[in-house]
Every structure is written in structure tokens, then in C-alpha cells.
Amino acid sequence: MLKQANRLTKRKEFGYIYKHGKYSYNNVLTMIYVPTKLKSCRIGFSINKKTGKANVRNKLKRQLRDIVRKNMGSINPSYNYVFVTKPEIVNLSYNQIKDAVVDVISKAKLFV
RNA sequence: UUAGAUAUUUAUGUGGUCGCAUGAAUAUCAUGAGGAAAGUCCGAGCACCACAGAGCAAGGGUACCAGAUAACGUCUGGCUAGGGUGACCUAAGGUAAAGUGCAACAGAAAUAAACCGCUUUAGUUUACUAGAGUAAGGGUGAAAGUGUGAGGUAAGAGCUCACAAACUUGUUAGGUAACUAACAUUUGCUGUAAACACUACUCGGUGCAAGAUAAGAAAAACAUUUAAAAGUUGCUCGCUUCGUUUUUCGAUACAUCGCUUGAACACGCUAGCAAUACCGUGUCUAGAUAGAUGACCACUUAAUACAGAACUCGGCUUAUUUAAUAUCUAACUAA
RNA sequence: GCGGGGGUGGCUCAGCGGUAGAGCGUCGCCUUGCCAAGGCGAAUGUCGCGGGUUCAAAUCCCGUCCUCCGCU
């Protein structure tokens, strides 16, 4: 779980990012990002219902959060992010998901 | 030994590092998903609508008996019917003699019947025609109205009789009852109500996105107190609200409360065949709101499956891993 | 969280106790110099799945899976 300050919570904010964001993706993940005026970046996760049942989706979300939290220091803090998964992610292990996340972020050139 | 039946338990554990939620005595400590949390199929609590109300109409649900329960369409024990060699399992299991509907195809006929056949009369004639009687035999069908034997007859027929099966009513015995057994008696009745229906009992609606706290301002249209409008699921009453409707602006209400002590859980005793109940002792055991349990390492286990609380309980249904226990049945073998 | 609808040939839909049907598409033949249109004929279905009621179930009842929609 991320700290309160780094969570993206409100529905309007998600809507804003979907409308105005830039996209970066691979075959498993899509990352949408938008510049922010706040000092710390905020991150949200969105997992489609087709991905699996409730316990599968919860576990994915937790693993994604953990990955993002561990890499917090290397992510550009002047953006807001939303990570959207695709159904194929179900079969991947923790380490494979980690690689995918790093791949998506580096494609957008947002590493500090 | 093999193949089964029933009931029950189990849902890995410990430590370390990083991280999250809640609470507290706040450099820290404690606690933190399930047996189904699921499906939402029933029953309740709780909240609002009048205190949940009256009548009519319409509609839904349930349906052997007794008991249990806050309640139930649930559970327990029994009855009956069906299945299984058996342990045992399954059942929406009232009324078809109140009425209506349906029963394709086949068949003479489907709820009342004469196609073939059998008998007889008349006519012609030696095989046909017409009439009458006849449900024993034939073939059709899921289903043809009881079966066997004897008497009886022109031929036949419950037409009569005996035995057997079913059914109606009654008496006696057993059982709280459903029902069972015996005896007497009546009848000859198709099936279907998981078709409409009838009978008995029963059901008000909306669901925590309920509901409470809170702040209002402006404009337009309509109406003007014996009212009108809105709510109360159709109508009539009764009741409640107090101008009604629309638009714009404002308020981080995407807030706080509801929210977890409860028909609670654990253990024990007594009553009961059991479901369950009384009593005693002890415990406090998730409460989030983009929504808390994850990652890595070590050892360990039979435990790898199905799967994630969202107001709360009681059931039902469905999904599912591993290991184990007890009782019982059948067959075979040995003593 | 609460509630409602739908699963029938390749596609769009009828049928709602007794036989599985229509249109479009597909295939073959005819027509044409060739194609289209037209004509004739044919194939294609565990009626989502599993049980039950019934003589008989796509249809009635129960359970289950998938899918769409509404409240928000």
C-alpha cells in the first residue's frame, strides 16, 4: 500500500487523466501520465473485470503497488500516473510484472 | 482383501526485513478475510414511508404428520411412495367423485367405442347385401377400464358365483398424529393441477446507494385556502407534508454518524431419539471507502484447491485441496 | 450493493407441450459470351449446460454458466 499522499483516489481525477494524459504501453500494461503541480506524484491502478475474479484482481493490485513503492525513488515526481492492466497479465509472475512496469516507465523516459 | 454407505474433522505453522489499515497508554505495542466471505434463492433484525392502517380488486408464496426455531420455502424425528442385493438414498408428497382445457401420430374408438371378427333375422343365393345383438379374440398406442377359473348364452358380457387386486364408507385394535392391521360393506370410476382451477394457511412497500446531521440565495411559470399538489405500488377511504414545479448559483456532502456487544463465540452440566433449549463460567475477536493482508528470505507441514468482509444475523444452493477418524453394508478368502 | 432481460443453423429472429422453422448467407444445377439479378434444388441444430414433472420438454419447474441493461 502506498502512503496517503501518493494515492490517486477521486473519480474526477481518473477522468481527467484519461482525457488529457499521454500513453505508454506494452503487451501487458498501459501507463497514462499527466503533469501535476503538486510536489509528490500520485498513482492509481485500474484493473478490468475481465481480468479475473475479485481475489485475482486484488492480488494483482497489491503486487503492482508493491513494485511501484519499491521504485518510488526513481520515478519522476512531477506527474500523475494511472496503470491499466490487460487480461494477459494474469499468467505472469511477480518478477515478470516488475519487468513490464520498468519497461513501460522507461519507454516514457520518466526515470530520474 | 476388494467395492461401497453414512457422519465428522482439517483449510499449514514459526521467525526475520520492507510496506498498509484500525485502536491505544503513540520513538512503540496490539489486532487485522471465509467455509463457503460467492450466488442473492428464502427468512429475520434495523431504517424510512402514519402507529404499518381498513375495505375491494388483482397478484405472489407454501402444501403428508408431529416437533424445533426469533422466523423460514430451513432443520429433526416419523408416515407413505419410489430406487438399491445391502448399509442407505430420493420426493413441490393436498383436491381429478365441483367445473374447464389438453392427450400429437397411430387406431374403429381417447371417454365413451362396432373396423375386422362372432351370433342371428330377412333378402337373394352359396357367397354377398341390409338390419339387430355382442366388448370373448385381433391389430394401434404412453394409456383401451380389473385378473384367473366356473356357470350362463343364439353368440357374448361382473350377467351371476368363487378366489385375488384396487377403491368408498364404517367398526374394532395400535399410534399424539400422518398412518397401519383385521373385519364388514359399496363401486366399476383414463391420465394430467411442475395446465387453468378449487381448498387451507400466508404475504404492505423500499433497501445502509435505507436513513440522520447540514445553509441557503436568486429567477420564471402555475395556483390562491370549503382548495390544489405531492407521498402512501391499482381503486375507495383514512393519514401525512405545507404553496407546487423548473432553472441557475453556493457549500472539497466523494464529509461525519449509521459501523459493529451480537437471536455473538468457546467450554461444561442437565433435559430430549434428535433438531434444540435452560443454566453456569470465560472472552471481546476486521470495520475499509479507488476500498486495508502484499513482496522477499529461512525452516516446517499431508495441506497445492475453491476463493477476498462492504449494515448484521439464521438457513439453502453452488465451487473446492490434502490428510485423517468412527460406525455400518455386500462379495470373496482364511482361522 | 440492489434489480431486470436474453442464450434456437454462419448472422438476424419466429416458435412456447407432440414436426425444429423464416429471411439473409453457403453449396450444386439452370439462365448468360462472362458477372450480377432471377429460377430450381440441397446441406447446415446435443434449441447454453445439468437434473426433475409428463406417455412426450426448445417449450413447464429447480439449479448452474455466459452475456446485456438499469439504479449509482
Side-chain angles (χ1 to χ4, degrees):
Chain A
M1 198 65 190
L2 302 172
K3 285 181 182 169
Q4 287 277 6
N6 293 331
R7 289 187 212 165
L8 198 60
T9 56
K10 304 203 171 164
R11 197 181 172 76
K12 278 182 189 170
E13 296 170 342
F14 274 83
Y16 180 84
I17 291 170
Y18 287 140
K19 256 190 179 176
H20 303 284
K22 294 182 177 176
Y23 288 72
S24 160
Y25 58 89
N26 58 22
N27 57 345
V28 151
L29 266 180
T30 304
M31 186 177 74
I32 313 171
Y33 54 98
V34 145
T36 180
K37 291 173 184 173
L38 295 175
K39 286 178 182 174
S40 58
C41 68
R42 295 191 298 165
I43 300 170
F45 302 93
S46 173
I47 296 173
N48 195 298
K49 236 183 177 179
K50 284 179 184 172
T51 309
K53 299 205 173 187
N55 65 328
V56 175
R57 282 182 274 136
N58 269 341
K59 184 161 188 179
L60 265 176
K61 216 189 280 181
R62 289 193 198 113
Q63 289 179 336
L64 279 172
R65 275 202 214 105
D66 191 66
I67 291 161
V68 170
R69 184 180 61 77
K70 283 182 175 166
N71 294 305
M72 207 64 183
S74 55
I75 296 176
N76 192 331
S78 55
Y79 283 85
N80 281 347
Y81 304 87
V82 172
F83 289 91
V84 181
T85 62
K86 302 183 182 179
E88 291 79 26
I89 203 171
V90 176
N91 301 321
L92 302 190
S93 68
Y94 178 81
N95 283 325
Q96 286 170 310
I97 295 172
K98 190 176 177 181
D99 293 342
V101 170
V102 171
D103 176 51
V104 163
I105 295 175
S106 59
K107 269 183 184 169
K109 297 177 185 173
L110 288 172
F111 275 119
V112 176

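Convention: sequence-line order gives letters A, B, ...; per-chain numbering from 1. Below, each value reflects all heavy atoms present in this structure, side chains not excepted, and no hydrogens, waters or symmetry copies.
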Applying ring pair (Phe, Tyr, Trp, His ring centres under 6.0 Å), name anything that partners A/Tyr81, two or more places apart in sequence or on another chain.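 Expected list: none.
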Between [X] ([atom1]) and [N] ([atom2]), how many Å, whole number?
X	N	atom1	atom2	result
A/Asn80	B/rA290	CG	P	15 Å
A/Lys70	B/rC20	NZ	P	13 Å
A/Arg69	B/rU293	CZ	P	11 Å
A/Leu64	B/rA295	CG	P	12 Å
A/Lys61	B/rG294	NZ	C1'	13 Å
A/Leu60	B/rU293	CG	P	14 Å
A/Arg42	B/rA290	CZ	P	12 Å
A/Lys98	B/rG294	NZ	P	18 Å

Who are the side-chain contact (heavy atoms from CB on, under 4.5 Å) partners of A/Tyr23, not counting sequence neighbours? A/Thr30, A/Ile32
Residue closer to the 5' end of RNA chain B, A/Tyr94 versus A/Ser46 (nearest nucleotide):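 The 5'-side residue here is A/Ser46.
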Minimum side-chain heavy-atom gap [X]-[Y] below 4.5 Å:
X	Y	answer
A/Ile43	A/Phe45	yes
A/Ile67	A/Tyr94	yes
A/Tyr33	A/Asn76	no

I'd like the [atom1] distance from [M] over to [N], given in whole Å.
N	M	atom1	value
B/rU206	B/rC64	P	29 Å
B/rG86	B/rU168	P	30 Å
B/rA114	B/rA135	P	12 Å
B/rU300	B/rA7	P	39 Å
B/rU276	B/rA68	P	13 Å
B/rU246	B/rA230	C1'	16 Å
B/rG207	C/rC71	P	14 Å
B/rA228	B/rU241	C1'	14 Å

Measuring from A/Ile75:CD1 to A/Arg69:CZ, what's the distance to the nearest 0.5 Å?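 These two atoms lie 12.0 Å from each other.
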May I ask you to decide whether A/Arg62 forms a salt bridge with A/Asp66, counting only side-chain N to carboxylate O separations under 4.0 Å? no
Suppose we screen for salt bridge (charged side-chain N to carboxylate O under 4.0 Å, His left out). Which residues come up paired with A/Asp99, at least two apart in sequence or across chains? none
For A/Lys59, which residues count as a salt bridge (charged side-chain N to carboxylate O under 4.0 Å, His left out) partner, sequence neighbours excluded? none
Whether A/Arg65 contacts B/rA295 is assessed here as follows: a side-chain N or O lying under 4.0 Å from the phosphate OP1 or OP2. Is that the case?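 For B/rA295, OP1/OP2 do not have a side-chain N/O of A/Arg65 under 4.0 Å.
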Using a cut-off of strictly less than 4.0 Å, decide whether A/Gln63 has a side-chain nitrogen or oxygen near OP1 or OP2 of B/rG294.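 So the side chain of A/Gln63 is outside the cut-off, no N or O lying under 4.0 Å from OP1 or OP2 of B/rG294.
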Taking everything shown except A/Lys22 itself, do over 12 heavy atoms lie less than 6.0 Å from its NZ?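 Atom NZ in A/Lys22 is not crowded, with 12 or fewer foreign heavy atoms closer than 6.0 Å.
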Please write out each protein N/O paired with an N/O of nucleotides 306-308 of chain B under 3.5 Å, distance rounded to 0.1 Å.
unit_1  : atom_1 : unit_2  : atom_2 : d
B/rA307 : OP1    : A/Lys53 : NZ     : 3.3
B/rA307 : N9     : A/Asn55 : ND2    : 3.3
B/rA307 : N7     : A/Asn55 : ND2    : 2.5
B/rG308 : OP2    : A/Ala54 : N      : 3.3
B/rG308 : OP2    : A/Asn55 : N      : 3.3
B/rG308 : OP2    : A/Asn55 : OD1    : 3.1
B/rG308 : O6     : A/Arg62 : NH1    : 3.1

What dot-bracket string describes RNA chain C from 5' to 3', counting Watson-Crick and G-U wobble pairs whose defining distances are under 3.5 Å, with [ ] for crossing pairs and | for pairs to another strand? (((((((..((((....[..)))).(((((.......))))).....(((((..]....)))))))))))).
Mate of B/rA197 where both pairing distances stay under 3.5 Å, Watson-Crick or G-U: B/rU95
